[in-house]
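Here's the structure, in structure tokens; my notes come after.
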Amino acid sequence: MIADLDGDGRPEVVLAGGDRHMYAWHGDGSAVAGFPFLVVDRSKVESIDPQSEEVTFKPDAGALMQGKIVDTPAVGDIDGDGRPEIVVGTNEEYAADKDGGLNAGSVNTTSLSLLGQTGVLNFANSRVYAFEADGSLVKGWPAKVGIINAELLPDVGEGITGSPVLAKLTCPSGGTGVKVGVIPDAGPGYLFNADGTSCHGQSGGHDNALSTDVSAGVGQVDHPVFPAVGLPAFGDLGGLQPSFVAPVAGLLRALDLVVPDYQVGGQDFTAAWDPATGQMRPGFPAQQNDLAFLTGPSVADIDGLPGEEIVAGTASLDLQAFNALGRPVSSAWPKLTGDWTVATPLIGSFGDAPHKSVVNLTRLGGVFVYDTSAPVCSPSSSPRFHHDPANSGDYARDAVPPGKPQNAKLVGGTLTVTAPGDDLLCGTADHYEVLGSSGWTTSPVKPAAAGTAQAIPVGANARSVSVRAVDEAGNVGRPVVVRR
């Protein structure tokens with residue numbers, strides 16, 4: 001993902017590696033100070049080889065699958081200090097009986113204590129971390145994330161495979177601030193405060209997770225439900241704050257992975273929780289026909305009516321669209337894709353079409369584009385993987401640049417243009433910049449709403465003029481270049 005870690009106005013590239021390390025590079029390819037660094041719960045470690053950084057765990061650590069980071073880190077200011085933090089989950093798994101028990105309190109997940117007594121599921125905990133921009137660990141982290149079935153699948157089904165996401169929320173325990181939403185490969189979902197504590201407090205010495213004991217979905221017969229092998233998102237489904245959305249599977253469906261035969265009545269769903277209560281929104285979970293394996297939901301207006309909708313693909317043959325009540329958006333949905341969806345659906349403008357499009361990618365390389373009834377500039381709170389073009393995972397991040405000024409003409413000392421928008425051709429940009437002999441300087445002419453004709457003075461002697469728009473987040477649009 002892309003973020004300005006050191007505050008110099010120039011972004012860095014941040015990623016996690018399959019070698020258990022976090023990396024960050026400046027634009028010139030040099031490493032950011034403090035990177036790379038090893039990510040592992042040091043309380044579980046007996047020693048680390050100084051040359052290879054191979055980790056040896058304590059004999060009583062309960063270490064199971066280990067060694068990789070397969071999710072995309074989220075970057076945002078979670079503690080309000082004006083500097084970004086990096087949030088990342090790992091593939092670490094520690095047997096619950098060696099790790100203080102499954103980290104899921106009795107509130108919202110009562111059935112887990114009963115399931116643990118059956119011996120069918122194998123409980124464990126993984127880890128999610130928050131680091132300062134220099135690579136130092138934020139106080140209170142890592143946090144434990146419960147797993148209902150340890151060592152589910154190599155790499156893509158171990159530890160935390162769903163990339164963490166961030167949003168400003170108000171929680172019962174922790175108040176208002178930027179929170180971390182995270183799900184494991186299979187287990188409860190969590191909302192954490194900036195200090196690594198649960199947004200919904202603790203019970204029995206464990207963090208309270210989001211509700212799993214729910215049976216409110218239309219047609220739901222398989223419960224409780226657990227986030228499974230997909231990706232989470234925050235999205236605007238109405239109300240005072242964003243909802244937490246993720247793919248989930250019912251208990252019978254989860255048992256398909258640990259017993260020899262498929263279970264009668266197993267179901268898969270898309271879930272949406274109210275962060276204020278930790279409970280499912282009315283009408284959810286919404287049923288779909290397979291796991292959302294290695295993909296997640298997008299949230300945007302696609303029907304042109306007030307409010308936004310959820311679009312989610314599955315590992316089978318369909319692309320679903322649900323409204324804020326968990327019902328199909330219209331009779332036009334779901335779409336038959338003929339194959340496994342392997343990427344989070346992309347929602348946005350396509351060419352010069354007047355409406356948004358939904359783009360879907362399948363395992364065999366099929367690219368499907370569906371028209372919608374929603375205007376191009378209608379709301380899109382999470383229209384793609386990890387929220388935005390920078391892959392930040394931060395609900396508040398504006399990473400969409402202004403559009404390019406159109407219809408440019410240079411007459412005398414004036415450049416006339418059609419104003420672009422704040423986000424491509426939508427909204428109003430913050431300011432124009434003009435390229436002169438001393439570099440880019442701010443024009444005194446403020447941008448008007450997208451599509452408005454404007455005149456920008458540039459100097460009568462200019463042989464070539466370059467003008468670009470910049471938005472309030474500092475995103476820079478493509479320049480228009482006019483030669484006399």
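Values below: all heavy atoms of this structure, side chains included; hydrogens, waters and symmetry mates excluded.
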Point to revise | Minimum side-chain heavy-atom gap N391-F385 below 4.5 Å | key: yes

Review point. Do V40 and R20 touch side chain to side chain, with heavy atoms closer than 4.5 Å?
Key: yes

Point to revise | Pair E433 + R468, salt bridge at N-O below 4.0 Å | key: yes

**Study point:** D4 side-chain N/O to G7 backbone N/O, donor-acceptor pair under 3.5 Å
**Key:** yes

Exercise for review: Calculate, to the nearest 0.5 Å, the distance between atoms OG1 and NE2 belonging to T197 and H200 respectively.
Suggested key: 11.5 Å

**Study point:** Closest heavy-atom pair and its distance - A448, T428
**Key:** O-CG2, 3.5 Å

Study note, to complete from the structure: Looking only at heavy atoms, the pair that brings V225 and G250 closest together is CG1-CA, 4.0 Å

**Study point:** Side chain proximity check, V467 to L415, heavy atoms < 4.5 angstrom
**Key:** yes

Check your understanding: Is it true that the side chains of T341 and N360 contain a donor and an acceptor less than 3.5 Å apart?
Key -> yes

Check your understanding: Out of curiosity, H386 NE2 to S163 OG, how far, rounded to the nearest 0.5 Å?
Key -> 4.5 Å

Review point. Going by atom types only, do K144 and S126 share a side-chain donor-acceptor pair under 3.5 Å?
Key: no

Practice item. Specify the closest pair of heavy atoms between P285 and V214, including all atoms of both residues, with the distance to one decimal. Key: CD-CG1, 4.1 Å

Review point. Would you say the side-chain atoms of D290 and Q288 include a donor-acceptor pair closer than 3.5 Å?
Key: no

Practice item. Say whether, by atom type as modelled, one donor and one acceptor occur between the side chain of D388 and the main chain of S392 under 3.5 angstrom. Key: yes

Exercise for review: Answer with yes or no whether the side chains of D28 and S30 bring together a donor and an acceptor at under 3.5 Å.
Suggested key: yes

Practice item. Rounded to the nearest 0.5 Å, what's the gap from OG1 on T414 to NZ on K409? Could you check? Key: 14.0 Å

**Study point:** D236-S381 side chain donor-acceptor pair, cut-off 3.5 Å
**Key:** no

Check your understanding: Is the side chain of D430 donor-acceptor paired with the backbone N or O of V470 at a distance under 3.5 Å, no angle test?
Key -> no

Check your understanding: Would you find a donor on one side and an acceptor on the other, under 3.5 Å apart, between the side chain of Y190 and the backbone of G146?
Key -> yes

**Study point:** Given L166, L169, V245, V299, the one that forms side chain to side chain contact (heavy atoms under 4.5 Å, CB included) with F234
**Key:** L169

Check your understanding: Charged N to carboxylate O below 4.0 Å: is that the case for R253 and D268?
Key -> yes

**Study point:** Minimum heavy-atom distance L237-A324, with the two atoms named
**Key:** O-CB, 3.5 Å

Review point. Looking only at atom types and distance, does a side-chain atom of H355 sit under 3.5 Å from a main-chain N or O of A374, one as donor and one as acceptor?
Key: no

Practice item. Would you kindly say whether N208 and N108 are connected by a side-chain donor-acceptor distance under 3.5 Å? Key: no

Review point. Which of these, F35, W141, F37, sits in a ring-ring contact (aromatic ring centres under 6.0 Å, His included) with F131?
Key: F37

Review point. Hey, is the main chain of D207 close enough, under 3.5 Å, to the side chain of N103 for a donor-acceptor pair?
Key: yes

Review point. Is the backbone of A292 close enough, under 3.5 Å, to the side chain of T314 for a donor and an acceptor to pair up by distance?
Key: no

**Study point:** Any donor-acceptor N or O pair under 3.5 Å, side chains S380, E308
**Key:** no

Check your understanding: Under a 4.5 Å cut-off applied to non-hydrogen side-chain atoms, are Q454 and V445 in contact?
Key -> yes

Check your understanding: Short question: side chain of D274, backbone of A276 - any donor-acceptor pair under 3.5 Å?
Key -> yes

Check your understanding: Does D155 offer a backbone N or O that forms a donor-acceptor pair with the side chain of N91 under 3.5 Å?
Key -> yes

Exercise for review: Kindly compute the distance separating CZ (R397) from CG (N475), expressed to the nearest 0.5 Å.
Suggested key: 7.0 Å

**Study point:** Shortest non-hydrogen separation from K404 to V480 and the atoms involved
**Key:** CE-CA, 3.9 Å

Study note, to complete from the structure: Rounded to the nearest 0.5 Å, the CZ atom of F322 sits from the CZ atom of R327 at a distance of 10.5 Å

Check your understanding: How many angstroms lie between OH in Y432 and NZ in K446, if you round to the nearest 0.5 Å?
Key -> 10.5 Å

Point to revise | Donor-acceptor contact present, side-chain E12 to main-chain A24, <3.5 Å | key: no

Check your understanding: What is the minimum heavy-atom distance between T161 and D71, and which atoms define it?
Key -> O-CB, 4.1 Å

